[in-house]
Amino acid sequence: MRYIDHGAGGPAETMRLAHSPKPTLKEGEVLIEVFYAGVSRPDVAQRQGVYAPPAGASPVLGLEVSGRIVEVAPDVKQWRVGDIVCALTSGGGYAEYCAVPAGNCLPIPLGLTPMEAATMPENFFTVWSNVFQHAHLKAGEKFLVHGGSSGIGLTAIQLAKHFGAQIYTTVGNEEKAAYCKRMGADVVYNYKEQDWAQLIWQDSGKRGIDVILDIVGGKYIMKNIRSLAVEGRLVQIAFLHGSQAIDFDAMRIMMRRLTIMGSTLRPRTLEEKAAIAEDLLKNVWPLFGTGALKSFVYKCFPLEEVVAAHQLLESSRHIGKLVLEVKPTD
């Protein structure tokens, strides 16, 4: 099969097309002939050598795919050869074939194409598990997601809006701000021009935010803590600007009864991921059929143009998700 080899890692230019045997299935897995693969920030981090795959996972980049099941392990009963699915992977998505635990697969949501569906798993598993299962965002609460025009951001905005939250977000330009408002954000701040933390405190009547989903870290860590309401929850899922906060002061955590939590999705157990998938299938996937949720593919690249895809992702010029076409659909 063709796959993308990133060698010892480094800049985007280290990636190249290569060939290898197809994966051999383990117990509980299915083999997917990959139509499309989503491109995400963790792929960039792995390529750069700062986000190693978990033990036993494929070293090939790619954490989400859509495609056709072409083989199933003997103990797999819920899927059959020929089924079209999207799936969360532990690695291996940038390839013509990818072995995936059966419990990590989901049907293509009604109304979506395989290309659109390939961009769903990483974002929806992440947002659902962190914002709704762990932080327990409720209707009527105030919710802040940083990087609102990213795949994670737009997923969080749509889901939070549907379930009745008031949504605040931060973006880097007016085009992204307008897009986030169309997708459901109530208040949008341009972090390059505005002090979002000061404005949130004012706009919330000095009450603060109930739940914050952050991918930035760095100087945002303490700003987030200062922006939280009494019994507010900060959910940290990435550190684009580092995990250190030189101005950190824990007093506010105690005085306002705050909760700080964080997680990474990739190393979680198969059982945990399967439970998230079941929850998504029940509570979220039907919303695509009603039009309550939409996809947000910005651009699709052929597999051989993976370098350009990563360069665009790292530039942050895009809105939404990028995707690789691995095999054209029939």
Engineer: Taking the six-membered ring for Trp, is the centroid-to-centroid distance between F288 and W285 below 6.0 Å?
Structural biologist: yes
Engineer: Kindly confirm or rule out a cation-pi arrangement of R256 over W201, judged by NZ or CZ under 6.0 Å from the six-membered ring centre and within 45° of its axis?
Structural biologist: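 Not flagged: R256 not positioned over aromatic ring of W201.
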Engineer: Cut-off 3.5 Å, side chains only: do N130 and S263 have a donor facing an acceptor?
Structural biologist: yes
Engineer: Out of curiosity, E33 CD to E71 CD, how far, rounded to the nearest 0.5 Å?
Structural biologist: 12.0 Å
Engineer: List the steps and the verdict of side chain to side chain contact (heavy atoms under 4.5 Å, CB included) for K223 and W196.
Structural biologist: CA-CA 9 Å; K223 282 189 172 185; W196 58 264; 3.6 Å; yes
Engineer: Just wondering, do S295 and K321 contact through their side chains at under 4.5 Å, heavy atoms?
Structural biologist: no
Engineer: Compute whether any side-chain donor of one residue and acceptor of the other, for D186 and Q166, lie under 3.5 angstrom apart.
Structural biologist: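 On atom types as modelled, these side chains do not qualify, holding no pair under 3.5 Å.
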Engineer: Please say yes or no: joined through hydrophobic side-chain contacts below 4.5 Å, possibly via intermediate residues, are V85 and V81 part of one cluster?
Structural biologist: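 Each belongs to a different hydrophobic cluster.
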Engineer: With a distance cut-off below 6.0 Å to the six-membered ring centre and an angular limit of 45° from the axis, does K22 pair with Y97 as a cation-pi contact?
Structural biologist: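 The answer is yes; both the distance and angle limits are met.
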Engineer: Please evaluate residues E314 and Q48 with respect to the criterion side chain to side chain donor-acceptor pair (under 3.5 Å), reporting the C-alpha separation (whole Å), side-chain torsions for both, the decisive distance (0.1 Å), and the verdict.
Structural biologist: CA-CA 12 Å; E314 291 180 271; Q48 293 172 334; 3.3 Å; yes
Engineer: Once you round to the nearest 0.5 Å, how far does CD1 of I215 lie from NE2 of H241?
Structural biologist: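 Spacing of CD1 (I215) from NE2 (H241) equals 9.0 Å.
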Engineer: After noting the C-alpha distance and the side-chain angles of L313 and R41, does the key distance pass the side chain to side chain contact (heavy atoms under 4.5 Å, CB included) rule?
Structural biologist: CA-CA 8 Å; L313 181 66; R41 290 282 179 182; 4.2 Å; yes
Engineer: More than 12 heavy atoms of other residues, nucleotides or ligands under 6.0 Å from CD of E175: is that the case?
Structural biologist: no
Engineer: Evaluate whether atom CD of Q78 has more than 12 neighbouring non-hydrogen atoms of other residues, nucleotides or ligands under 6.0 angstrom away.
Structural biologist: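 Counting other residues, nucleotides and ligands, CD of Q78 exceeds 12 neighbours.
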Engineer: Side chain to side chain contact (heavy atoms under 4.5 Å, CB included) for V127 and I152? Distances and angles first, verdict last.
Structural biologist: CA-CA 7 Å; V127 172; I152 289 288; 4.1 Å; yes
Engineer: Please check if any side-chain donor atom of R47 sits under 3.5 Å from a side-chain acceptor atom of H310, or the reverse.
Structural biologist: yes
Engineer: Pairing donors with acceptors under 3.5 angstrom, does anything connect the side chains of Q133 and E272?
Structural biologist: no
Engineer: Could you tell me if D203 and Y189 have a donor-acceptor pair between their side chains, going purely by distance under 3.5 Å?
Structural biologist: yes
Engineer: Looking at E141 and R233, does any basic side-chain N land under 4.0 Å from a carboxylate oxygen?
Structural biologist: yes
Engineer: Checking R266 against Y51: charged group under 6.0 Å from the ring centre and within 45 degrees of the axis?
Structural biologist: yes
Engineer: Is it true that H146 and Y220 have ring centroids separated by less than 6.0 Å?
Structural biologist: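 For H146 and Y220, the ring centres are under 6.0 Å apart.
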Engineer: Is the number of heavy atoms from other residues, nucleotides or ligands under 6.0 Å of K219 NZ greater than 12?
Structural biologist: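 Open: at most 12 neighbouring heavy atoms sit under 6.0 Å from NZ of K219.
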Engineer: Answer yes or no: is there a donor N or O on one side and an acceptor on the other, between the side chain of Q158 and the main chain of K294, under 3.5 Å?
Structural biologist: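 Here the side-chain-to-backbone pair exists.
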Engineer: Could you grab the distance from atom CG of L234 to atom CG of D210, nearest 0.5 Å is fine?
Structural biologist: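 It comes to 13.0 Å.
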Engineer: Out of curiosity, E96 CD to R2 CZ, how far, rounded to the nearest 0.5 Å?
Structural biologist: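 So the gap between those two atoms works out to 4.5 Å.
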Engineer: Tell me if a side-chain donor or acceptor on R68 pairs with a main-chain N or O of I84 at a distance below 3.5 Å.
Structural biologist: no
Engineer: Do side-chain atoms of N123 reach the backbone of M120 as a donor and acceptor pair under 3.5 angstrom?
Structural biologist: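 Judged by distance alone, no pair lies under 3.5 Å.
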Engineer: Side-chain contact, heavy-atom cut-off 4.5 Å: M222 with D249?
Structural biologist: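 With C-beta onward as the side chain, the pair touches.
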Engineer: Look at atom CD of E304 and say whether more than 12 heavy atoms of other residues, nucleotides or ligands are closer to it than 6.0 Å.
Structural biologist: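 Yes.
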Engineer: For atom NZ of K138, decide whether the heavy atoms of other residues, nucleotides or ligands shown that lie under 6.0 angstrom number more than 12.
Structural biologist: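 Result for NZ/K138: enclosed.
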Engineer: Kindly compute the distance separating CG (L61) from CD (Q46), expressed to the nearest 0.5 Å.
Structural biologist: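 If I round to the nearest 0.5 Å, the distance is 5.0 Å.
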Engineer: Backbone N or O of F301 within a donor-acceptor pair of the E325 side chain at under 3.5 Å?
Structural biologist: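 No, the answer is negative, given that no donor and acceptor are paired below the 3.5 Å cut-off.
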Engineer: Between E278 and K273 (salt bridge meaning N to carboxylate O under 4.0 Å), is one present in this structure?
Structural biologist: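 No, this pair does not count.
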Engineer: The test is side chain to side chain contact (heavy atoms under 4.5 Å, CB included); show your working for L312 and R317 and say whether it passes.
Structural biologist: CA-CA 7 Å; L312 178 57; R317 296 193 308 270; 3.6 Å; yes
Engineer: Taking the six-membered ring for Trp, are F132 and F163 closer than 6.0 Å centroid to centroid?
Structural biologist: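 Yes - the distance between ring centres of F132 and F163 falls below the 6.0 Å cut-off.
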Engineer: Find the distance between CZ (F124) and CG (L280) and round it off to the nearest 0.5 Å.
Structural biologist: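 Going from CZ on F124 over to CG on L280, the span is 8.0 Å.
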